[in-house]
Number of protein chains: 2
Amino acid sequence: MRSQQSRILVQLRDLILKGAFAPGERLAEIPISARLGASRTPVRLAFSTLEQEGLVASSPGGGFVMRAFTRKEIDDAIAVRGVLEGMAARLLAENGLAPGMKEAFEECLTAGDSALGGDALSLDGYADYVEMNDRFHEMLVRFCGNAALQRSIEVNSRLPFAAASATLPMHPASGDGRRWLLITHHQHRTLVEAIQRREGTRAQALAIEHVEVARMNLRFAYEKAREGAEVAPAMRLLAPSEDRESA
Amino acid sequence: MRSQQSRILVQLRDLILKGAFAPGERLAEIPISARLGASRTPVRLAFSTLEQEGLVASSPGGGFVMRAFTRKEIDDAIAVRGVLEGMAARLLAENGLAPGMKEAFEECLTAGDSALGGDALSLDGYADYVEMNDRFHEMLVRFCGNAALQRSIEVNSRLPFAAASATLPMHPASGDGRRWLLITHHQHRTLVEAIQRREGTRAQALAIEHVEVARMNLRFAYEKAREGAEVAPAMRLLAPSEDRESA
DNA sequence: GGGGCCATCATTGCATGCAATTTGCGCAGA
DNA sequence: TCTGCGCAAATTGCATGCAATGATGGCCCC
């Protein structure tokens with residue numbers, strides 16, 4: 001632990017993203033500081049940071065409350081991620097890959113190949129794919145060499161369900177799940193191909209299209225919100241009033 | 001003042017953007033809290049926020065130091081703004097303007113017309129144009145209806161010289177300055193036209209091209225860094241080592 | 001019996017105290 | 001003269017105290 005505040009921040013963000021607090025719930029300082037074993041000061045600081053990140057909202061009467069996330073909001077954030085990752089892909093294609101980047105991308109592709117290799121998808125294979133997917137998107141953003149772009153994507157991806165991990169179907173056991181993983185993996189492959197060929201516009205378009213899978217998964221998650229809430233408690237962060245719109 | 005911390009945050013950000021601190025300078029809590037008339041606690045909080053915004057950096061030994069901004073960094077942020085504003089323009093064109101938006105944009109255009117109307121550009125006219133320009137870009141982002149996009153642009157624009165205001169030439173007295181203002185104004189007009197005609201791709205392209213004026217101004221500012229530092233103290237936030245690259 | 005008002009309490013926002021750590025400086029030695 | 005070391009002062013990070021503000025429950029009046 002580098003400092004109390006960084007530890008508190010990470011733990012608190014983790015709790016939030018795991019759905020430990022219900023939307024609208026007041027986030028009182030004293031019980032949380034007691035729970036995390038620190039005083040109120042670092043907790044206050046963490047709240048302030050989390051407010052910047054958009055995870056909690058400041059209550060008009062002081063203090064902070066847990067936010068709810070509407071479907072439109074998440075959908076919009078995913079669209080923004082698409083545009084930003086599209087820019088990153090275009091930049092990479094235009095500027096060319098520095099030594100080692102090509103190998104790193106290809107390592108991701110082969111890792112995905114082996115994760116999806118068998119006929120059925122094991123839970124380990126799914127975990128491997130998730131890890132690879134995160135790495136792939138992180139590299140795409142880091143390699144493009146635009147720090148502002150990297151920052152924007154990081155800020156944007158802090159919204160629940162907007163990050164690259166949310167691209168993946170949350171129902172890997174089903175046949176549908178594996179099929180969608182195969183599609184995203186194919187998209188990764190074509191994206192790398194376009195970047196290597198310096199086809200900037202194509203790379204950009206592919207990256208933008210890539211996030212459509214995430215939007216589809218979001219729609220699926222909303223439709224199955226009832227059963228999903230048991231598997232992933234974070235689902236309760238979704239604003240329930242949006243159910244109408246998803247119909 | 002709603003609270004100490006919001007006041008401190010605004011004042012501190014203002015000081016930073018006005019160049020009150022030299023790059024690398026240690027931002028000690030005690031003198032700053034004394035200067036702003038508060039205790040160290042809200043100042044600490046403001047520092048934390050400003051670190052999130054990328055204006056200050058946390059020192060390895062604790063505390064915060066003033067950041068320097070490289071030319072590439074600002075250039076990259078401007079490019080990101082172009083892409084994001086391009087997305088906003090495309091969305092507006094695709095979704096159509098809600099009632100009142102068209103009038104608001106046209107009000108901006110006529111305001112720009114009258115600001116640039118005379119033969120020579122007065123200082124008042126320049127101020128009017130700057131105000132209108134800010135309003136124009138703010139509306140573009142707000143009207144598009146994508147909160148995540150709005151947030152991304154706001155975060156990105158907090159970097160010095162990356163905001164829409166920096167689009168404008170800082171040398172309005174010269175004939176060049178007025179010429180560039182006329183060009184950006186024309187770009188605003190064509191952008192509104194494309195949006196009204198629902199020409200999404202054109203609107204996007206125009207918004208992306210629009211920020212090229214900002215990049216040109218940045219280059220100009222770097223070349224004239226010596227004399228510019230006297231007029232705009234914030235110029236000293238630019239990393240000096242980048243002078244080589246600008247040559 | 002219901003509604004409004006008041007008092008009490010909890011909670012926040014800010015100030016400050018204290019210990020740990022770091023930075024800066026002086027000094028000695030090579 | 002330059003380098004390494006040790007000490008002291010200052011600064012940070014965190015805990016906690018205190019006043020102010022908002023919430024909550026009870027009580028009184030209608």
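This structure is a prediction, so every number in the text was calculated from the model and none was measured. Naming convention: chains lettered A, B, ... in sequence-line order (proteins, then strands); numbering from 1 in each chain.
- Using bins of under 30°, 30° to 60° and over 60° for the plane-to-plane angle, the ring pair B/F136/B/H188 lands in the parallel bin.
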Taking N or O atoms only and anything under 3.5 Å, show me the protein contacts with nucleotides 7-12 of chain D, one pair per line.
from, atom 1, to, atom 2, distance (Å)
D/dT12, OP1, B/E29, N, 3.2
D/dT12, OP2, B/E29, N, 3.4
D/dT12, O3', B/G63, N, 3.4

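- With a 4.5 Å cut-off on side-chain heavy atoms, A/T70 and A/D75 do not count as touching.
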In sequence, state the C-alpha distance, the side-chain angles, and the governing distance for A/L50 and A/L9, and then conclude on side chain to side chain contact (heavy atoms under 4.5 Å, CB included).
-> CA-CA 8 Å; A/L50 293 170; A/L9 176 62; 3.9 Å; yes
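- Classification of the B/F105-B/F143 ring pair by plane angle, with boundaries at 30° and 60°, yields perpendicular.
- Remark: B/E29 pairs with B/R40, B/R44, B/F47 by the side chain to side chain contact (heavy atoms under 4.5 Å, CB included) rule, at least two apart or across chains.
- Within the 4.0 Å cut-off from OP1 or OP2 of D/dA15, at least one side-chain nitrogen or oxygen of A/S39 is found.
- Applying the 4.0 Å criterion to OP1 and OP2 of C/dG13, one finds that B/Q5 has every side-chain N and O outside that range.
- If you measure from atom CD of B/Q4 to atom P of D/dT21, you get 13 Å, rounded to the nearest angstrom.
- For DNA chain D, none of the residues of residues 46-54 of chain A falls under the heavy-atom distance limit of 4.0 Å.
- At least one side-chain heavy atom of B/C108 sits under 4.5 Å from a side-chain heavy atom of B/M139.
- Nearer to the 5' terminus of DNA chain D, by closest-nucleotide assignment, is the contact made by A/P42 (compared with the other of A/P42 and A/P60).
- Annotation: side chain of B/R67 is not in contact with side chain of B/E51 (no heavy-atom distance under 4.5 Å).
- To the nearest angstrom, P of C/dG13 lies 15 Å from CG of B/L9.
- From A/I8, atom CD1 reaches atom CG of A/L36 across 4.5 Å, with rounding to the nearest 0.5 Å.
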